[in-house]
Amino acid sequence: MPELLEVEAYRRLAERAVGRVIAAVEAPDSWYLKGGLAAEELKAAVEGEKVIAARRRGKLLLLDTTGPALGLRFGMTGRLVLDGEAGVEELIYSSRRRDPKWDRFALRFGDSTRLAISDPRRLGGVLLDPIEAHLGPDAASITPAQLRSALVGSKAPLKARLMDQARVAGIGNLLADEMLWRAGLDPRRSAGELDANELRRPHRHLRATVAELGERGGSHTGDLMPARSRGSHCPRDGAALARDTVGGRTTWWCPAHQH
DNA sequence: ATTGTGGCCTGCCCGC
DNA sequence: TGCGGGCAGGCCACAA
């Protein structure tokens with residue numbers, strides 16, 4: 001599913017659209033426009049404007065224009081397609097097909113090219129002038145001090161806090177499980193319970209996991225990923241893996257080495 | 001304020 | 001072979 005690694009791939013794809021002028025907005029699905037945004041309002045705001053940058057904060061893709069910025073969200077099944085080319089080919093939990101009816105939003109440029117979001121399950125959305133301050137520091141560049149302050153003083157489970165986009169932006173379910181598995185930390189522990197020594201581990205493993213899975217090609221390429229099924233065992237020590245809901249999400253962890 | 005829960009979206013896979 | 005139930009997770013509304 002699109003976590004920050006996939007959205008970063010989308011950002012790189014969208015960067016090719018920098019310099020193009022938005023000739024028309026296609027918004028066939030009003031559900032997909034968030035924050036009370038109407039299609040007419042969106043058209044009036046960005047048609048005729050030029051794309052000047054493609055940025056990312058967490059899982060949010062930002063298209064800066066000479067007018068207001070556009071915020072693109074992908075949920076877990078959204079795919080960015082530019083000129084018929086997808087930013088990510090293999091999107092786990094989404095369909096491998098591409099059906100035109102799944103195009104929930106698109107920009108048509110003056111040179112007849114087109115940037116579209118194909119999203120079978122309509123879990124993504126489009127925002128006009130998103131408030132970036134609603135998102136915490138980006139997980140790929142967060143500092144140790146920033147991560148520490150995102151965790152201390154909280155009674156929420158460690159995993160829930162890591163996935164709270166207002167505290168740390170970009171960590172989804174798979175990345176959270178993978179980094180905690182690597183860090184040897186129990187996802188259910190209260191975030192604020194970590195001592196000074198333990199607090200260093202999430203940061204180190206977050207950075208390492210993001211870098212490594214980025215090179216491998218996405219958030220689904222973790223070492224724990226193949227073991228996310230019933231009756232499986234820890235790839236590190238062979239112990240039976242535990243499965244439960246933590247932070248509202250299906251969570252897999254190793255009771256033998258994650259404490 | 002913080003934390004937890006349930007619902008939304010819909011394609012796909014498994015078992016009958 | 002078709003069908004129905006369960007499942008996936010990002011986000012939001014809402015409750016305690």
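Here is the naming used below: chain letters follow the sequence lines, and residue numbers restart at 1 for every chain.
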- Would you find a donor on one side and an acceptor on the other, under 3.5 Å apart, between the side chain of A:Gln165 and the backbone of A:Gly170? yes
- Distance, rounded to the nearest Å, where A:Glu6 contributes CD and C:dG9 contributes C1': 13 Å
- B:dT3, C:dG10, B:dG11: which one has an atom nearest the side-chain heavy atoms of A:Pro120? B:dG11
- Could you verify whether a donor N or O on one side chain and an acceptor N or O on the other, from A:Thr209 and A:Glu212, lie under 3.5 Å apart? no
- Winner on side-chain proximity to A:Arg122, out of B:dT3, B:dG7, B:dC9, is B:dC9
- Item | side chain to side chain contact (heavy atoms under 4.5 Å, CB included) against A:Asp29, all qualifying residues, sequence neighbours excluded | A:Trp31, A:Tyr32, A:Arg104, A:Arg122
- Message: When you compare the side chains of A:Thr251 and A:Arg243, does any donor N or O come within less than 3.5 Å of an acceptor on the partner?
- Response: no
- Message: Under 4.0 Å, heavy atoms only, any strand: does A:Lys34 hit a base, just the sugar-phosphate, or nothing?
- Response: nothing
- Message: How many whole angstroms separate atom CG of A:Asp119 from atom P of B:dC8?
- Response: 18 Å
- Query: Would a distance-only check, ignoring hydrogens and angles, find a side-chain to backbone donor-acceptor pair under 3.5 Å from A:Thr221 to A:Gly218?
  - Reply: yes
- Item | Partner residues of A:Ala23 under the side chain to side chain contact (heavy atoms under 4.5 Å, CB included) criterion, sequence neighbours left out | none
- Keeping the roles fixed (side chain from A:Asp129, backbone from A:Pro68), state whether a donor-acceptor pair exists under 3.5 Å. no
- Message: Just N and O in the side chain of A:Trp31: are any of them under 4.0 Å from OP1 or OP2 of B:dC8?
- Response: no
Extract from the structure each pairing of a protein N or O with an N or O of nucleotides 12-16 of chain C at less than 3.5 Å, listing the distance.
residue : atom : partner : partner atom : Å
C:dC12  : OP1  : A:Arg73 : NH1          : 3.1

- Estimate the overall bend of the helix from B:dT2-C:dA16 to B:dC16-C:dG2 from the end axes over five pairs each, rounded to 10 degrees. 40°
- What is the distance, rounded to the nearest whole Å, between atom CD1 of A:Ile117 and atom P of C:dC11? 13 Å
Measure all distances between protein nitrogen or oxygen atoms and nitrogen or oxygen atoms of nucleotides 5-8 of chain C, and list the pairs falling under 3.5 Å.
residue : atom : partner  : partner atom : Å
C:dA8   : OP1  : A:Arg243 : NH2          : 2.9
C:dA8   : OP2  : A:Thr250 : OG1          : 3.4
C:dA8   : N3   : A:Arg121 : NH1          : 2.7

- Message: Determine whether the aromatic ring centres of residues A:Trp181 and A:His257 are separated by less than 6.0 angstrom.
- Response: yes
- Using atom types as modelled and distance alone, determine if a side-chain donor or acceptor of A:Thr65 lies under 3.5 Å from a backbone N or O of A:Gly67. yes
- Message: In whole Å, I'd like the distance from the CG atom of A:Leu135 to the P atom of C:dG10.
- Response: 14 Å
- Message: What is the distance, to the nearest angstrom, from the CD atom on A:Gln165 to the P atom on C:dC11?
- Response: 5 Å
- Qualifying residue, where the test is side-chain hydrogen bond (donor to acceptor under 3.5 Å, both in side chains) with A:Asp138 and the options are A:Arg57, A:Lys59, A:Arg56: A:Arg56
- Item | Heavy-atom donor-acceptor pair, A:Asp223 side chain to A:Glu178 backbone, under 3.5 Å | no
- Item | Interface residues of residues 181-193 of chain A with DNA chain B (non-hydrogen, below 4.0 angstrom) | none
- Is any side-chain N or O of A:Ser154 closer than 4.0 Å to OP1 or OP2 of B:dT3? yes
- Message: Taking A:Ser219's backbone N and O only, do any of them form a donor-acceptor pair with A:Glu6's side chain (distance below 3.5 Å, no angle check)?
- Response: yes
- Cationic N near anionic O, under 4.0 Å, A:Arg114 to A:Glu26: yes
- Item | Spacing between A:Glu3 atom CD and C:dC11 atom C1', to the nearest angstrom | 14 Å
- Message: Rounding to an integer number of Å, can you tell me how far A:Lys59 NZ sits from C:dG9 P?
- Response: 11 Å
- Note on the structure: Of A:Arg249 and A:Arg167, the one whose closest nucleotide on DNA chain B sits nearer the 5' end is A:Arg167
- Message: Is it the case that the side chain of A:Arg55 and the backbone of A:Leu61 share a donor-acceptor pair, with hydrogens and angles ignored and the cut-off at 3.5 Å?
- Response: no
- Residue pair A:Leu123/A:Ala160 against DNA chain B: nearer the 5' end by closest nucleotide is A:Ala160
- Give a yes or no answer on whether the side chain of A:Gln258 reaches the backbone of A:Cys254 with a donor-acceptor pair at less than 3.5 Å. yes
- Query: NZ of A:Lys155 versus P of B:dG4: gap in Å, rounded?
  - Reply: 10 Å
- Message: Please determine whether a side-chain nitrogen or oxygen atom of A:Arg161 lies at a distance below 4.0 Å from atom OP1 or OP2 of B:dT3.
- Response: yes
